[in-house]
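Worksheet: the structure to be examined is printed underneath.
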Amino acid sequence: MVEELLSEENRLVLIVALGVFLILFMALLLILFFKLSQRKIIQKELEKKDLEIQYQKELLSAVIITQEEERKRIAQDLHDDISSKLNIVSLNSHLLTAPNLTANEVIEITANIIDLTHKALDNSRKIAHGLLPPVLDKFGLHAGVEELCMEFNSSKAVNIDYQNKTTFAISDNDKHLHVFRILQELMNNSLRHGKATVISILFEEENGIKNCHYTDNGIGFEMKNNENQKGLGMKNIESRIAFLNGKLTLESVLNKGISVVFNFK
Ligand SMILES: Nc1ncnc2c1ncn2[C@@H]1O[C@H](COP(=O)(O)OP(=O)(O)O)[C@@H](O)[C@H]1O
Ligand SMILES: [Mg+2]
């Protein structure tokens with residue numbers, strides 16, 4: 001009888017011990033699971049941060065590369081269009097100092113000098129205009145975009161519909177230069193890649209924030225493909241928008257053109 005009781009008690013202890021062991025085991029499993037998933041979340045966050053840093057680096061290098069390309073282009077323009085002409089002007093001026101020149105020779109050399117100086121002046125104006133359009137500098141973004149549209153319209157390849165429902169303070173011209181460059185790039189892309197024939201640009205303002213709506217009717221592109229192959233131009237647009245603390249949304253459907261909206265203050 002006593003033995004029977006003991007063995008029953010033993011069994012009870014065994015069951016309780018097993019129960020406690022099971023609970024402890026499950027708790028341990030839970031803790032392990034929790035720790036593992038926590039580590040996974042941290043790892044995912046780190047990977048996301050890494051990607052962000054990588055993207056920032058790409059944007060920065062796009063800016064640097066574009067700047068260097070621009071410098072190269074300016075150096076070439078200066079060399080080909082100005083320096084070479086001034087060189088010949090200099091040679092011609094020296095010729096004028098030669099003794100025994102006939103009257104006709106003097107007339108010919110002087111005409112040459114006048115012609116080349118005119119051309120060099122014209123070209124230097126064009127180069128300066130390309131670097132910073134004087135209208136934009138003097139009269140602000142609206143006038144700058146108007147002139148840009150006129151230049152594109154005069155090519156007859158494209159028809160631009162430009163509307164402005166806001167005002168731009170000249171004091172913000174430094175910021176507005178970014179907007180101007182963004183539109184320049186978008187318009188060049190519409191012509192070059194999109195083969196667009198109609199472009200529309202609209203500025204409007206909502207709660208103190210200015211919005212720019214841009215569309216073209218070109219061939220567009222597949223968003224999925226483009227996400228991975230943004231060129232220098234698009235990266236530059238993004239870094240300019242980041243500089244303006246703005247937001248950019250871009251939509252495009254193959255054969256249906258593109259639509260871009262960005263805002264800035
Ligand atoms: N308006 C557009 N219509 C069609 N495709 C476009 C347009 N804008 C951009 N793209 C596509 O996006 C790509 C990236 O453009 P971008 O960054 O300006 O580079 P890039 O002009 O130097 O090729 C282009 O090569 C083109 O395939
Ligand atoms: Mg481009």
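The structure presented is a predicted model; accordingly, all values stated were derived computationally and were not measured. As the structure lists them, so they are numbered: ligands from 1, and atoms in each ligand from 1.
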In Glu185, the N/O/S atom nearest the Mg ion (ligand 2) carries the name OE2
Met234, any N or O under 3.5 Å of ligand 1 N or O = yes
Tell me which part of Glu185 gets within contact of ligand 1: side chain, backbone, both or neither, using heavy atoms under 4.0 Å.
-> side chain
Any donor and acceptor pair, going by atom type alone, linking the side chain of Asn188 with main-chain N or O of Gln184 inside 3.5 Å?
-> yes
Would you say Met234 reaches the Mg ion (ligand 2) with an N/O/S atom under 2.8 Å?
-> no
Going by an N to O cut-off under 4.0 Å, is there a salt bridge joining Glu68 and Arg71?
-> yes
Backbone N or O of Leu136 within a donor-acceptor pair of the Asn173 side chain at under 3.5 Å?
-> yes
If we number the atoms of ligand 1 from 1 as shown, the ones under 4.0 Å from a heavy atom of Arg192 are 21 (O)
Which option, Ala62, Ser259, Gly218, Gly220, owns the non-hydrogen atom nearest atom 4 (C) of ligand 1?
-> Gly220
Between Lys230 and Glu58, is there a salt bridge with N-O shorter than 4.0 Å?
-> no
Near Ser190 (heavy-atom distance under 4.0 Å), the atoms of ligand 1 are 1 (N)
Selection from Asn255, Asn189, Val260 by shortest heavy-atom distance to atom 9 (C) of ligand 1 | Asn189
Please determine if Gly231 has a nitrogen or oxygen closer than 3.5 Å to a nitrogen or oxygen of ligand 1.
-> yes
Short version for Asp216: what comes under 4.0 Å of ligand 1, heavy atoms counted, is side chain
Please state whether the rings of Phe168 and His176 are parallel, tilted or perpendicular, taking 30° and 60° as the class boundaries.
-> perpendicular
Does the side chain of Asn217 come under 3.5 Å of the side chain of Thr197 through a donor N or O and an acceptor N or O?
-> yes
Are any side-chain N or O atoms of Asn164 and backbone N or O atoms of His142, one a donor and one an acceptor, separated by less than 3.5 Å?
-> no
Lys119 and Asp122 ion-paired at < 4.0 Å = no
Find all atoms of ligand 1 within a distance of less than 4.0 Å from any non-hydrogen atom belonging to Gly194, and give their numbers and elements.
-> 3 (N), 4 (C)
